[in-house]
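Structure, as structure tokens:
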Amino acid sequence: MIIDWALTPLVEQLGRLVRTTPSSNRRQLLASDFQTQALNTLKEVIDPSIPQLRANYFKLQYDANDNPILVAVKSTAKPTRQSFRTGTAEGDAVMDMLAGAETVFCRDTAVDAPPGFDASRVRDYKTFISATAFDGIEPDGMLTVDAPKSGTLTGADKGLVRLVAALVAISESIRDRKKEVSM
């Protein structure tokens with residue numbers, strides 16, 4: 001069962017992260033290990049037989065002018081993926097997705113690409129799922145899974161990607177020592 005062999009180890013790793021001293025270097029290491037474990041788990045649960053299936057994590061950061069930018073920080077592929085900035089159709093669409101804590105599934109980039117998708121840019125994937133890494137308060141980034149063959153990802157994979165993205169966001173909130181905000 002998926003919960004036993006895939007999700008339980010992730011939640012246990014999250015528990016170790018929570019119980020580690022906030023100022024500890026071990027907390028940073030555990031958070032990085034959690035991201036790696038989460039991305040690898042997605043590949044295994046979705047379908048390890050899909051050739052060149054990739055999972056990526058982009059962290060929401062801000063440039064010197066306080067403009068949001070998504071920076072590639074972890075990937076099951078080498079090299080890590082590009083970054084997304086505001087001011088482009090693609091970057092603005094991704095930032096809108098984050099603002100709405102949305103998840104996007106694209107079965108075939110040639111047929112049903114989402115708004116803002118830059119079809120002129122050469123990519124080595126034809127299908128993808130992008131989920132906002134949302135900790136319940138604010139977005140921390142975006143988790144994506146993609147594959148080179150259209151149709152290898154399905155709508156059924158979308159919920160799993162969204163769940164793992166939330167776990168990654170929670171781990172990042174713990175690592176970054178984010179505090180409760182009044183609403």
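Everything quoted here is computed from the prediction, not taken from an experiment.
Using a cut-off of 4.0 Å between Lys/Arg side-chain N and Asp/Glu carboxylate O, Glu172 and Lys178 are scored as not salt-bridged. The residues Arg107 and Asp112 are annotated as not salt-bridged, no charged nitrogen and carboxylate oxygen being separated by less than 4.0 angstrom.
Met97 and Phe134 are assigned to two separate hydrophobic clusters, defined by single-linkage of ILVMFWY side chains at heavy-atom distances under 4.5 Å. The hydrophobic clustering, which links ILVMFWY residues whose side-chain heavy atoms are closer than 4.5 Å, places Leu29 and Tyr57 apart. In terms of hydrophobic clustering, with Ile, Leu, Val, Met, Phe, Trp and Tyr side chains grouped at heavy-atom distances under 4.5 Å, Met142 and Tyr62 are assigned to a common cluster.
Contact between Ala31 and Leu17 at its shortest, heavy atoms only, is N-CD1, 3.8 Å. Contact record, Asp135 with Ala169: N-CB, 3.6 Å, taken as the closest heavy-atom pair. In this structure, Ala38 and Val168 approach most closely via the heavy-atom pair CB-CG2, 3.7 Å. Closest non-hydrogen pair, Leu53 versus Thr76, comes out as O-OG1, 4.2 Å. Here the closest heavy-atom approach between residue Thr154 and residue Gly151 is recorded as CG2-O, 4.4 Å. Between Ala147 and Leu153 the shortest heavy-atom distance is N-CD1, 4.4 Å.
Counting heavy atoms from C-beta on, the side chains of Leu70 and Met95 come closer than 4.5 Å. Annotation: side chain of Thr152 is not in contact with side chain of Ile46 (no heavy-atom distance under 4.5 Å). Residues Tyr125 and Cys106 fail the side-chain proximity criterion, which asks for heavy atoms closer than 4.5 Å. In this structure, the side chains of Val71 and Phe58 stay at 4.5 Å or more apart for every pair of heavy atoms. At a threshold of 4.5 Å between non-hydrogen side-chain atoms, the residues Val73 and Gln35 count as touching. With a 4.5 Å cut-off on side-chain heavy atoms, Lys149 and Ile50 do not count as touching. Counting heavy atoms from C-beta outward, Val94 and Ser130 have side chains that stay 4.5 Å or more apart. In this structure, Asp157 and Val45 have side chains that are not in contact, with every pair of non-hydrogen atoms separated by 4.5 Å or more.
Proximity of a side-chain donor or acceptor of Asp63 to a complementary backbone N or O of Asn65 within less than 3.5 Å is detected. Looking at Ser32, its side chain never comes within 3.5 Å of a backbone N or O of Gln28 through a donor-acceptor pair. In terms of modelled atom types and a separation under 3.5 Å, the side chain of Thr88 and the main chain of Gly91 share a donor-acceptor contact. No donor-acceptor pair under 3.5 Å is formed between the side chain of Thr21 and the backbone N or O of Ser23. In this structure a side-chain-to-backbone donor-acceptor pair under 3.5 Å is present from Thr41 to Gln37. In this structure, the side chain of Thr103 does not engage the main chain of Arg162 through any donor-acceptor pair within 3.5 Å.
No side-chain N or O of Thr86 forms a donor-acceptor pair with one of Asp92 less than 3.5 Å apart.
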Discussion item. Run the side-chain hydrogen bond (donor to acceptor under 3.5 Å, both in side chains) test on Lys74 and Thr36 for me, step by step, so that the C-alpha distance in whole Å, both residues' side-chain angles and the decisive distance to 0.1 Å come before the verdict.
Written reply: CA-CA 7 Å; Lys74 190 73 72 167; Thr36 300; 3.1 Å; yes

Practice prompt. Given side chain to side chain contact (heavy atoms under 4.5 Å, CB included), test Ile69 with Phe84 step by step and report yes or no.
Written response: CA-CA 6 Å; Ile69 178 174; Phe84 296 92; over 6 Å; no

Worksheet item: Are Leu10 and Phe34 close enough, and set up right, to give a side chain to side chain contact (heavy atoms under 4.5 Å, CB included), and what steps lead you there?
Response: CA-CA 7 Å; Leu10 270 180; Phe34 184 86; 3.7 Å; yes

Practice prompt. Could you please spell out the steps behind the side chain to side chain contact (heavy atoms under 4.5 Å, CB included) verdict for Ile174 and Leu14?
Written response: CA-CA 9 Å; Ile174 294 165; Leu14 189 59; 3.9 Å; yes

Item to complete: Apply side chain to side chain contact (heavy atoms under 4.5 Å, CB included) to Thr127 and Asp146, showing your working.
Response: CA-CA 6 Å; Thr127 183; Asp146 60 59; over 6 Å; no

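Arg16 CZ: more than 12 foreign heavy atoms inside a 6.0 Å radius. More than 12 non-hydrogen atoms from other residues, nucleotides or ligands lie less than 6.0 angstrom from NZ of Lys59.
Under the rule for a side chain to side chain contact (heavy atoms under 4.5 Å, CB included), the partners of Gln52 that lie at least two apart in sequence or sit in another chain are Pro148. Every residue meeting the side chain to side chain donor-acceptor pair (under 3.5 Å) condition with Ser150, not counting sequence neighbours, appears here in chain and number order: Asp108. Residues satisfying the side chain to side chain donor-acceptor pair (under 3.5 Å) criterion with Ser49, sequence neighbours excluded, are Asp47.
Because its NZ or CZ atom is both nearer than 6.0 Å to the ring centre of Phe117 and within 45° of the ring axis, Arg123 counts as a cation-pi partner of that residue.
Test Leu167, Asn56, Leu42, Thr132 against Leu143 for side-chain contact (heavy atoms from CB on, under 4.5 Å) and you get one pass: Leu42.
Rounding to the nearest 0.5 Å places CG of Asp140 at 7.5 Å from OG of Ser171.
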